Number of protein chains: 2
Amino acid sequence: MSEFTAIRKIYNYPGLKTSDYERICSSHEKVIISKGDFLLREGQIANEYFCLEEGLMRAYANSYEGNEVTTAFFSPGDIIIEVASLFLRIPTKENIQALTDCNCWKLSFSDFQELFQNINAFTEWGRTWMARVLFSTKQRSLSMITDSATDRYLALLREKPEILHYAPLKHVASYLGITDTSLSRIRKYISSK
Amino acid sequence: MSEFTAIRKIYNYPGLKTSDYERICSSHEKVIISKGDFLLREGQIANEYFCLEEGLMRAYANSYEGNEVTTAFFSPGDIIIEVASLFLRIPTKENIQALTDCNCWKLSFSDFQELFQNINAFTEWGRTWMARVLFSTKQRSLSMITDSATDRYLALLREKPEILHYAPLKHVASYLGITDTSLSRIRKYISSK
DNA sequence: GTCATTTCTTGTCTTATGACAAGATTTTTT
DNA sequence: AAAAAATCTTGTCATAAGACAAGAAATGAC
């Protein structure tokens with residue numbers, strides 16, 4: 001069972017028993033992704049989600065003016081998912097791409113539903129997980145309002161420092177809501193202190 | 001049953017039968033709120049949510065520097081809820097206050113759980129609802145990045161025009177991520193065209 | 001109806017960030 | 001290894017929005 005350590009950490013929840021974990025873990029399928037590959041592309045309907053064990057990914061949308069805007073970075077221990085597309089069965093507006101080679105564990109929507117309907121503690125885990133995601137998404141819009149670009153950069157540096165070694169500046173900049181030029185200047189300013 | 005029209009609209013979902021609606025509606029309790037009253041205050045743990053039938057409300061958080069930042073406006077047909085506090089049982093950082101006198105239908109967390117566990121289509125409705133909320137929250141942070149303050153103002157004007165008659169400028173401005181001074185100038189500029 | 005408070009507008013000046021462009025550096029391709 | 005492409009930095013100038021302050025207008029309290 002030790003091969004499932006990463007998955008178990010993601011699904012860690014008080015009510016889940018060992019037998020539940022066995023069932024949950026064995027529903028996941030190991031997937032190897034190469035740098036640059038896509039887990040999801042604009043226009044598709046997501047049919048699964050992925051638990052990220054190793055590597056880094058990013059999600060981005062194309063803005064009205066045609067620029068890529070990074071909407072999320074994923075690091076090990078994150079669930080890579082496009083909730084709207086998976087749960088509402090609508091075509092996604094996001095692209096999810098590997099920044100490095102990655103190991104993931106895939107769970108199909110039908111297997112998810114099966115677990116969600118039959119394991120009570122999994123249902124609770126799901127609601128809890130969703131509440132946490134919603135909370136951090138709200139925090140993100142709040143941060144866009146209350147924090148300066150510099151503060152947002154420093155926060156990302158604290159939370160996902162690995163990202164800054166692997167994602168090009170413009171991806172990070174669009175995630176922070178600024179241009180790559182500005183981010184370059186912010187970095188210069190910070191390192192000068 | 002016609003007194004429950006507002007609630008039924010909120011819970012409209014293919015799989016729900018008439019008997020389900022009866023059970024759901026009768027779990028809600030009518031609540032009258034006066035302008036200025038709070039449904040939730042910072043530090044409390046939410047024990048219920050509210051379906052808004054008539055009136056307007058806003059949610060706000062206090063930023064690190066001590067300013068009120070409006071995080072949401074609610075109009076009839078919306079569910080007034082603080083997901084993180086209700087589902088994770090943690091003290092909220094938000095305040096929810098009535099902008100006008102309001103009619104709501106209250107559902108306690110325990111009644112919600114009872115419905116969620118026993119009516120299959122209600123579980124699905126809940127997941128769908130949550131996915132939609134998460135989607136619109138993500139849209140909001142994207143909009144903070146890709147749209148100008150003027151565009152964001154025009155979007156709010158389109159989506160919740162009533163709000164602009166009842167909420168003071170500074171509440172609207174902080175929701176848009178700008179100062180009331182700037183919003184005043186944006187309005188002047190727009191009306192001059 | 002008057003006074004006090006809150007809300008809104010406007011002016012001036014400052015600041016953060018953007019737009020555009022050029023050059024330097026790094027990475028990828030062949 | 002050389003060429004091409006992508007990435008990053010820096011310069012100059014433009015612009016959106018903020019800070020602060022003063023006054024006008026609207027709202028609420030007595």
Side-chain angles (χ1 to χ4, degrees), chain A residues 34-37 56 58 60 63-70 73 97-101 141-157 162-193, chain B residues 34-37 56 58 60 63-70 73 97-101 141-157 162-193:
Chain A
S34 302
K35 177 176 174 177
D37 284 358
L56 299 170
R58 78 162 178 135
Y60 66 93
S63 79
Y64 184 72
E65 300 97 38
N67 317 317
E68 288 182 4
V69 180
T70 300
F73 288 114
Q97 189 179 27
L99 291 170
T100 66
D101 293 350
S141 8
L142 201 57
S143 158
M144 296 303 300
I145 294 175
T146 58
D147 302 342
S148 67
T150 306
D151 290 346
R152 296 199 298 276
Y153 171 71
L154 290 172
L156 180 62
L157 198 59
E162 334 83 274
I163 291 295
L164 301 157
H165 298 144
Y166 292 101
L169 208 62
K170 63 178 177 184
H171 294 172
V172 177
S174 77
Y175 179 76
L176 298 173
I178 55 179
T179 57
D180 53 346
T181 311
S182 289
L183 182 51
S184 177
R185 291 193 171 110
I186 286 171
R187 291 212 297 193
K188 184 187 177 187
Y189 171 72
I190 287 173
S191 66
S192 80
K193 289 201 310 181
Chain B
S34 302
K35 178 177 174 177
D37 284 358
L56 300 169
R58 77 162 180 136
Y60 66 92
S63 78
Y64 183 71
E65 301 96 35
N67 318 317
E68 287 182 4
V69 180
T70 300
F73 289 113
Q97 189 178 27
L99 291 170
T100 66
D101 293 348
S141 23
L142 200 56
S143 159
M144 297 302 300
I145 293 176
T146 59
D147 302 342
S148 68
T150 305
D151 290 345
R152 296 199 297 275
Y153 172 71
L154 290 172
L156 180 62
L157 197 58
E162 332 85 273
I163 291 295
L164 300 158
H165 299 144
Y166 292 102
L169 207 62
K170 63 179 177 184
H171 293 172
V172 177
S174 76
Y175 178 77
L176 298 174
I178 56 179
T179 58
D180 54 346
T181 310
S182 290
L183 181 51
S184 177
R185 291 193 171 111
I186 286 172
R187 290 212 297 192
K188 183 185 177 186
Y189 170 72
I190 287 172
S191 66
S192 79
K193 291 201 309 181

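These numbers come from the heavy atoms of this one structure, side chains and all, not from hydrogens, waters or symmetry mates. Proteins get letters first, then strands, A, B, ... in listed order; numbering begins at 1 in each. Just so you know, these numbers come straight off a predicted model, no measurement behind them.
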Legend entry - Lys188(B) side, atom NZ; Ser191(B) side, atom OG - distance, nearest 0.5 Å: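 OG of Ser191(B) is found 8.5 Å from NZ of Lys188(B).
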Inset, instruction - Describe, as an angle rounded to 10 degrees, how the axis at the first end of the helix from dG1(C)-dC30(D) to dT30(C)-dA1(D) is tilted relative to the axis at the last end, five pairs per end. - result: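 For the helix from dG1(C)-dC30(D) to dT30(C)-dA1(D), the axes at opposite ends meet at about 60°.
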Inset, instruction - Using a 4.0 Å heavy-atom cut-off across all strands, classify Arg185(A) as base, sugar-phosphate, or nothing. - result: base
Inset, instruction - Looking at every strand, decide which applies to Gly177(A) at a 4.0 Å heavy-atom threshold: base, sugar-phosphate, or nothing. - result: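 Sugar-phosphate contact only.
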Inset, instruction - Tell me which of Thr181(B) and Lys170(B) sits closer to the 5' end of DNA chain C, going by the nucleotide each one is nearest to. - result: Lys170(B)
Legend entry - DNA chain C: 5'-proximal contact among Ile178(A) and Lys35(A) (nearest heavy atom):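 On the 5' side of the pair lies Ile178(A).
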Inset, instruction - Output, in order, the C-alpha distance, side-chain angles, deciding distance and verdict of side-chain contact (heavy atoms from CB on, under 4.5 Å) for Ile186(A) and Leu176(A). - result: CA-CA 12 Å; Ile186(A) 286 171; Leu176(A) 298 173; over 6 Å; no
Inset, instruction - Return no unless some side-chain N or O of Thr179(A) is found under 4.0 Å from OP1 or OP2 of dG18(C). - result: yes
Inset, instruction - Kindly say if Ser184(B) contacts the phosphate of dT9(C), meaning a side-chain N or O under 4.0 Å from OP1 or OP2. - result: yes
Legend entry - Side chain to side chain, Leu164(A) and Tyr153(A), heavy atoms closer than 4.5 Å: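 With C-beta onward as the side chain, the pair touches.
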Legend entry - Check: Ile190(B) and Leu157(B) side chains under 4.5 Å, non-hydrogen atoms: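 No; the side chains remain at least 4.5 Å from each other.
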Check for a donor-acceptor pair, side chain of [X] on one end and backbone N or O of [Y] on the other, with a separation under 3.5 Å.
{"X": "Ser63(A)", "Y": "Asn67(A)", "answer": "yes"}
{"X": "Thr70(B)", "Y": "Val172(B)", "answer": "no"}
{"X": "Gln97(A)", "Y": "Gly36(A)", "answer": "yes"}
{"X": "Ser34(A)", "Y": "Asp37(A)", "answer": "no"}

Could you check how far [atom1] of [X] sits from [atom2] of [N], rounded to whole Å?
{"X": "Ile186(A)", "N": "dG18(C)", "atom1": "CD1", "atom2": "C1'", "result": "12 Å"}
{"X": "Arg187(B)", "N": "dT7(C)", "atom1": "CZ", "atom2": "P", "result": "13 Å"}
{"X": "Tyr166(B)", "N": "dT6(C)", "atom1": "OH", "atom2": "P", "result": "22 Å"}
{"X": "His171(B)", "N": "dT6(C)", "atom1": "NE2", "atom2": "P", "result": "12 Å"}
{"X": "His165(A)", "N": "dT27(C)", "atom1": "NE2", "atom2": "C1'", "result": "17 Å"}

Legend entry - First-last contacting nucleotides on DNA chain D - partner chain A, under 4.0 angstrom, heavy atom: dT7(D) to dT12(D)
Legend entry - Contact summary for Leu99(A) and Ile163(A), nearest pair of heavy atoms: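 Result for this residue pair: CD1-CD1, 4.4 Å.
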